[in-house]
> 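Pasting in a structure now, in structure tokens, and then I'll have a few things to ask.
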Number of protein chains: 2
Amino acid sequence: MVEPGATPWSAPAPVAVRQSSLRERNLAAIVAAVCRAEVPPSRADLAAELSMTRATAGRLVDELVAARVVDEVDRSQGARGRPAKGLLPGTGIVGLGLAVETDRLLVRAVDLRGRVVGERVVGSSAGDAESVLDALAHQAREVRRGLQGRRLVGVGVALPGIVDDDGRLLRAPNLRWNDVDVAGILASVGGRHRVLVANEADMAALVEAEPRPGRLGPWTDFVHVSAAVGVGGAIVSGGRVVAGEHGAAGELGHVCVDPSGPACGCGSTGCLEQYVGLRAVAEVSGLPRDRVATGLAAGAAAGDPRCVAAVEQVTHALSVALASVVNVVGISSVVLGGHLAALDPATIEAIRARLDARVIGSRWKPVQVTVARGDHAAAATGAAHRALADVVARPATWV
Amino acid sequence: MVEPGATPWSAPAPVAVRQSSLRERNLAAIVAAVCRAEVPPSRADLAAELSMTRATAGRLVDELVAARVVDEVDRSQGARGRPAKGLLPGTGIVGLGLAVETDRLLVRAVDLRGRVVGERVVGSSAGDAESVLDALAHQAREVRRGLQGRRLVGVGVALPGIVDDDGRLLRAPNLRWNDVDVAGILASVGGRHRVLVANEADMAALVEAEPRPGRLGPWTDFVHVSAAVGVGGAIVSGGRVVAGEHGAAGELGHVCVDPSGPACGCGSTGCLEQYVGLRAVAEVSGLPRDRVATGLAAGAAAGDPRCVAAVEQVTHALSVALASVVNVVGISSVVLGGHLAALDPATIEAIRARLDARVIGSRWKPVQVTVARGDHAAAATGAAHRALADVVARPATWV
DNA sequence: GAGATTAGTTTGATGAGTGAACTTAAGTCG
DNA sequence: CGACTTAAGTTCACTCATCAAACTAATCTC
């Protein structure tokens, strides 16, 4: 996953900054502050928080209001002095999120406040990439038509596979797609906007990190496991999804649990996916695939021996694989998503305890394990957030 | 490892930027450009490269020259026009790097050009932390005394253990130290400068990424394995060492190779360290510990069955453990250091090939495996670089 | 030695933020 | 009810870093 502005982190700017960069920077600071605020701040609040003068804050906010990136609302409360006008992320700015899942196509339009302002979900007829993506594009255009004068600022696409920097899907085993130019095929949906393509696990993790655009959730550093037929993952550090060289970071499904374990489609043996993927869990537990999420914990609680065995297998494999991950990336919170989000608290605690035993740093900071918030369209929401992230990061281009 | 203050320019600034930030930023851009240049650039070269005007470049360079952060040199070559004055990183700026190893204490003074301008190596009498660190501080003061008017800008300390953000060594199994306030004990060495403490693997990786301060080496994204009695590691992305929440990232030694393997001191089982650490390799190969680096490859080549077995064990364990790491962090280059740097090319290739088979992204980007440059004081050099990094990142505070 | 060429410097203009004074729109209190 | 207090927002002159362009300096070429 590539960052919006792509000037990496804090690297010494490769090129000089000029006066206009100052303004861009401060516009971004204001948008970020408005997005993360719990209550709508006034211009004066922003000036104090960002240690700029009221004059500057006022001028910049005026520009943002004109561009509809922030909205003014009445904040009539019985305070002394001239009443402040509260500022909120603009509802006139929306991002479009698209997702291809193994059996569904999703489109979501989300505004800067994180509200869903348009949605479509359709079952996908398995088929070749071109026709499935055409169907998706059609749905997206329908959602776009319903936006009623709101400003579309970008399109994100979440895919269950490995994606390169140019928006090409290199490989999606569970879709049986190889080397598909997704960004190119969907370009028409974005109009003049770039179509941002990324792995669904990264997109889902984005929502976990930022439940609303520009507003960090309770977790800013965690490893996100998103389990379905395939097991993916993402590493989030400081509220940002960590990319690998080719956006290939976070392939948790292929961390080795046991080198003498079963062969995996990836060419290796004993991969995590072979223990906790939907296919494996369904087989061991005897549950049909679409009942695993809802039925596994209940089955185990009821004493069904196959369900108990499946839960034990999941617990064991996750604790081994995640311990390696936590030791390597030094991030000690884990969020479980997909069908793993339905595990019961006792199992979660068992995983946590076994992880603690294997993690070298747990003595100073115990490992935390939680489950993802239940959003049936996390990846699509994340894709929309991804599109909106550009406005939050560089509002100057939208003013 | 924590970044030097660095207000990231690209991340949403938590606070407004003002005119002076512009200057700070552009000073940093110039220093970075001077450091990474292959030939000493002129003011005009810098202006062109950074797309600022010659006027601006000239003024900022003048300030840096006055502060001795960059030096002017004659660049008399038969070119037309007024001869340019070349610019090089200043030799008047030095960082001090300290390292505690299991049997040695090292101190190195390095200038901004990456030249060693002072060094001391002494054997360490095993002892309690306080007395060992006092001895180290004494050596450091001696080196500092020999700096002859150069400006000391910081002190870095490399330690074989886990370190927290405040410069406390939490745990160093191979030194048998626990919870030592290293930064506090060594504060006198730094004078008014902060003492920057980090894991030796991170410091060594820094030198691999940046052979000279501010100048990236051939690898900017890699996983660095530093093997000795303990096995540590560091993840370098974009030329920067990735920190975990508590600088605990990169604990490669405790990635699980086989959950049913031997117990490890960390409380887990089958950790990489139990297969490729100096202790394990010495035992399997029958070589004395201090001969492992030099004798292992030779022994295996000569057909010694114990050495062959040791090499096979190392090959197997590294390929399993590193595959997980590469899949998780999405970085496909691996640099082997410590006694692993002495493995012969055939073994390196065998590790590479087995890794390729296990890495999900290898189809698009084959895994690369190389060995570290042989620097007997990599950690101390890295610590000195770490101290100098602050000048490169924020020269304005030194002007 | 005149001319060409490029490095570096000087000078005034521009744009963005600062500080302080000013205006506006409430609530408070006699 | 009207004067006073309080705080938000606005205006305006000022500062500072960069830009643009003219100018000076030093060397090579012919």
> Kindly write out the residues that satisfy side-chain contact (heavy atoms from CB on, under 4.5 Å) with B:R151, not counting sequence neighbours, or none if the list is empty.
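Listed in chain order: B:A67, B:I93, B:W398.
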> Just the rounded figure in Å: distance from C1' of D:dA20 to CZ of A:R18.
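So the two atoms are 13 Å apart, to the nearest Å.
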> Tell me which of A:K85 and B:M52 sits closer to the 5' end of DNA chain D, going by the nucleotide each one is nearest to.
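Checking each residue's closest nucleotide, the 5'-ward one belongs to A:K85.
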> Please identify each residue that fulfils salt bridge (Lys or Arg N to Asp or Glu O under 4.0 Å) with B:R68, with sequence neighbours left out.
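For B:R68 there are no salt bridge (Lys or Arg N to Asp or Glu O under 4.0 Å) partners, ignoring immediate neighbours.
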> To the nearest Å, give me how far apart CG (A:L60) and C1' (C:dG17) are.
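Those two atoms, CG and C1', are 9 Å apart.
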> Could you write nucleotides 22-30 of chain C as a row of B, S and -, 5' to 3', where a protein heavy atom under 4.0 Å of any base atom gives B, of only sugar-phosphate atoms gives S, and otherwise -?
--BBBSS--
> Could you state the CD-P distance from B:E72 to C:dA7, rounded to the nearest angstrom?
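Result: 15 Å.
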> Distance check needed: D:dA8 P versus A:L46 CG, whole Å only.
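To the nearest whole Å, that distance equals 12 Å.
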> Holding to side-chain hydrogen bond (donor to acceptor under 3.5 Å, both in side chains), I want the full list of residues that pass it with B:R23, two or more places apart in sequence or in another chain.
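B:E63.
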> Which pairs with one or both residues in residues 80-98 of chain B pass side-chain hydrogen bond (donor to acceptor under 3.5 Å, both in side chains), sequence neighbours excluded?
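Of all non-adjacent pairs touching residues 80-98 of chain B, those that pass side-chain hydrogen bond (donor to acceptor under 3.5 Å, both in side chains) are B:D71-B:T91.
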> Run the side-chain donor-acceptor check on residues 41-48 of chain B: report pairs under 3.5 Å with partners two or more places apart or on a different chain.
from: B:S42; atom 1: OG; to: B:A44; atom 2: N; distance (Å): 3.3
from: B:S42; atom 1: OG; to: B:D45; atom 2: N; distance (Å): 3.0
from: B:S42; atom 1: OG; to: B:D45; atom 2: OD1; distance (Å): 3.4
from: B:S42; atom 1: OG; to: B:D45; atom 2: OD2; distance (Å): 3.2
from: B:R43; atom 1: NH1; to: B:E72; atom 2: OE2; distance (Å): 2.7
from: B:R43; atom 1: NH2; to: B:D62; atom 2: OD1; distance (Å): 2.8
from: B:R43; atom 1: NH2; to: B:E72; atom 2: OE2; distance (Å): 2.7
from: B:D45; atom 1: OD2; to: B:S42; atom 2: N; distance (Å): 3.0
from: B:D45; atom 1: OD2; to: B:R75; atom 2: NH1; distance (Å): 3.3

> As a test of reading the structure: which of C:dG19, D:dT10, D:dC19 is closest to the side chain of A:T53, going by heavy atoms?
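It is C:dG19.
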> Quantify the bending of the helix from C:dG1-D:dC30 to C:dG30-D:dC1 as the angle between its end axes, each fitted on five pairs, to 10°.
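About 10° separates the two local helix axes.
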> At under 4.0 Å, does any side-chain N or O of A:S42 touch on OP1 or OP2 of D:dG9?
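Result: yes.
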> Please report the interatomic distance CG(B:L216) to CD(B:E208), rounded to the nearest 0.5 Å.
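Going from the CG atom of B:L216 to the CD atom of B:E208 covers 12.5 Å.
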> How many whole angstroms separate atom CD of B:Q19 from atom P of C:dT14?
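Taking atom P of C:dT14 as the reference, CD of B:Q19 is at 17 Å.
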> What integer distance in Å separates B:I30:CD1 from C:dG8:P?
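About 12 Å, once rounded to whole Å.
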> CG of A:L112 to CZ of A:R215: how many Å apart, nearest 0.5 Å?
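Output value for this atom pair is 13.0 Å.
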> When the nearest nucleotide of DNA chain C is assigned to A:S20 and to A:A55 on a heavy-atom basis, which residue is associated with the more 5' position?
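Nearest-nucleotide comparison on DNA chain C picks A:S20.
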> Under the side-chain hydrogen bond (donor to acceptor under 3.5 Å, both in side chains) rule, collect the residues that match up with B:D111, sequence neighbours excluded.
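Checked B:D111 against side-chain hydrogen bond (donor to acceptor under 3.5 Å, both in side chains); matches are B:R115.
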> Students often get this wrong, so: under 4.0 angstrom with heavy atoms, is A:T56 touching a base, only sugar-phosphate, or nothing?
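The residue A:T56 makes base contact.
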> Find the distance B:L22:CG to C:dA16:P and express it as a whole number of Å.
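Between P of C:dA16 and CG of B:L22: 11 Å.
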> List for me each residue that meets side-chain hydrogen bond (donor to acceptor under 3.5 Å, both in side chains) alongside A:E24, sequence neighbours excluded, and say none if there are none.
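Here no residue qualifies.
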> OP1 or OP2 of C:dG17 less than 4.0 angstrom from a side-chain nitrogen or oxygen of A:N26, does that happen here?
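True: A:N26 side-chain N/O within range (under 4.0 Å) of C:dG17 OP1/OP2.
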> What is the distance from CZ of B:R75 to C1' of C:dG8, rounded to the nearest Å?
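That distance rounds to 13 Å.
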